[in-house]
Amino acid sequence: MAGEAGKARTVLLATEKAFAADAVAKIQAAFDESKYTMKKLENYKSKDELLAAVADVDAMIIRSDIVDAAVLEKAAKLKIVVRAGAGYDNIDLKACEAKSITAMNTPGQNANAVAELVFGMMLTSARNNYDGTSGFELVGRSIAFYGYGAVARAVGKLAAGFGMVLYAYDPYIPKDAIKKMGAEPVDTVADLFKHQYVSLHVPLTPETKESINKELLLKMPKGGTLINTARMEVVHEAQMLEVLKERPDFCYLCDVGFKAQEEAKAIVGDKYMKRVIFTKKKMGAQTVEANNNAGIAAANQIVGFFEKGETKFSLKA
């Protein structure tokens, strides 16, 4: 249990999309120091492999891997699962709670990596994918953040450096705090869509699922651009396709997947990578630095949980 120091522990590193080798080595070193055994399940192809691997482990580190009731049922000894990253909708928190398993994330560890990807996509779109035609500059343009956590603030820092004007809506952060962190607070989600760029930084919840819809998107000014490094399901896909058809000036820059990618590409034609950009899904955290930061943080949180009873980043259902 938490706070029972000095016991033998086995930790599973379960990553369908593996960490960089350097990060794995540093995670291993953290567990070696605590005399914990680390098992690796990297680049696995089926859920059956995961179900088999969890049978005898005390803890798990995951990335975007799914930890649901079926996984927890097989993990008879599991006491803690840590998501190396900020988002955690891939963990069934109610199932964890029912089995007294602690779930954690590692907020902020990937923030700079995601922020740099956001700006990479913005610049690629603004400069027409560097095709030789005239684009536009970002200086003086507005960017509005839905959610103003660590990633949004990292994007905001870069945006301020580019001379952009920042706005934000976050119901969990007081307006005066948002203002102190460099953005002008707005009253509602709809108010965000008055600005040229809207960047999404919210978790997937019943309230946010498909909440970014046609009504909101059509409020955006000419050249309006939605940036999604949050979760695919926050955007209403069918309505996004309608907006792309009806608004030839509208842009969607996405790092979290889009099921109707081919249909969207067909709509924008030769303006793919200008009006619409799709990465190979969740590339935001794919830097050596982010891998190291998130992986080491996850390892340290597991050690702190078992050796000292630390639960700082625990998640609630």
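Throughout, residue positions are numbered sequentially from 1 according to the sequence presented.
No donor-acceptor contact under 3.5 angstrom links the side chains of T10 and Y36, judged on distance only. Side-chain polar atoms of T124 and N129 form no donor-acceptor pair below 3.5 angstrom. Checking Y167 against D191 by side-chain atom types alone, no donor-acceptor pair falls below 3.5 Å.
In this structure, T225 OG1 and R141 CZ are separated by 9.5 Å, a value rounded to the nearest 0.5 Å. Expressed to the nearest 0.5 Å, how far CD of E116 lies from CE of M121 amounts to 12.5 Å. For the atom pair CG (N112) and OG1 (T287), the distance works out to 7.5 Å, reported to the nearest 0.5 Å. Atom CD1 of I302 and atom CZ of F31 lie 4.0 Å apart (nearest 0.5 Å). Between atom CD of residue Q196 and atom NZ of residue K222 there is a gap of 11.0 Å, rounded to the nearest 0.5 Å. We find the CD-NZ distance between E4 and K79 to be 9.0 Å, quoted to the nearest 0.5 Å.
Crowding of K74 atom NZ: a count of heavy atoms from other residues, nucleotides or ligands under 6.0 Å not exceeding 12. Within a 6.0 Å sphere centred on OH of Y88, other residues, nucleotides and ligands contribute 12 heavy atoms or fewer. Counting heavy atoms of neighbouring residues, nucleotides and ligands inside a 6.0 Å radius, atom NZ of K17 exceeds 12 of them. Annotation for K47: atom NZ counts as buried by contact number, over 12 foreign heavy atoms lying within 6.0 Å. For E42, the CD atom sits in a packed shell: over 12 heavy atoms of surrounding residues, nucleotides or ligands are nearer than 6.0 Å.
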Checklist entry - Is there a salt bridge (charged side-chain N to carboxylate O under 4.0 Å, His left out) between K274 and D131 once you walk through the steps? => result CA-CA 10 Å; K274 302 172 190 177; D131 67 357; 2.6 Å; yes
Checklist entry - Passes salt bridge (charged side-chain N to carboxylate O under 4.0 Å, His left out), K179 versus E184? Steps please. => result CA-CA 5 Å; K179 201 171 184 71; E184 186 66 29; 2.6 Å; yes
Checklist entry - What's the verdict on salt bridge (charged side-chain N to carboxylate O under 4.0 Å, His left out) for K94 and E97, showing C-alpha distance, side-chain angles and the deciding distance? => result CA-CA 5 Å; K94 288 184 178 179; E97 189 176 272; over 6 Å; no
Item to check | Worked check of side-chain contact (heavy atoms from CB on, under 4.5 Å) between L13 and K39 | outcome: CA-CA 6 Å; L13 182 65; K39 291 173 53 178; over 6 Å; no
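Proximity of a side-chain donor or acceptor of R247 to a complementary backbone N or O of E242 within less than 3.5 Å is not detected. In this structure, the side chain of D48 does not engage the main chain of L51 through any donor-acceptor pair within 3.5 Å. Panel note: side chain D22, backbone A25; no donor-acceptor pair is recorded below 3.5 Å. A distance-only check finds a donor-acceptor pair linking the side chain of R83 to the backbone of G87 [under 3.5 Å]. The main-chain N or O of V165 is never found under 3.5 Å from a side-chain atom of S142 such that the two would form a donor-acceptor pair.
A salt bridge does not link K281 to D255: none of the charged nitrogens lies less than 4.0 Å from a carboxylate oxygen. Under a 4.0 Å N-O distance rule, the pair K45/E16 does not qualify as a salt bridge.
Of all heavy-atom pairs spanning V81 and C96, the tightest one is CG1-SG, 4.2 Å. The minimum heavy-atom distance linking L166 with A160 is given by the pair CD1-N, 4.0 Å. Residues T106 and A297 approach most closely at CG2-CB, 4.0 Å, considering heavy atoms.
Cation-pi geometry between R275 and Y252 is not met: the NZ or CZ atom fails to fall both under 6.0 Å from the ring centre and inside 45° of the normal. Annotation: cation-pi geometry satisfied between K265 and Y272 (NZ/CZ under 6.0 angstrom from ring centroid, within 45° of ring axis). F306 carries R9 over the face of its six-membered ring, with the cationic atom under 6.0 Å from the centre and within 45° of the normal.
The six-membered or imidazole ring of Y169 lies away from that of Y148, with a centre-to-centre distance of 6.0 Å or more.
When each of I101, L72, N90, D92 is paired with V67, the side chain to side chain contact (heavy atoms under 4.5 Å, CB included) condition holds for L72 and for no other.
Cluster membership check: I227 shares its hydrophobic cluster with L192, using side-chain heavy-atom separations under 4.5 Å among Ile, Leu, Val, Met, Phe, Trp and Tyr.
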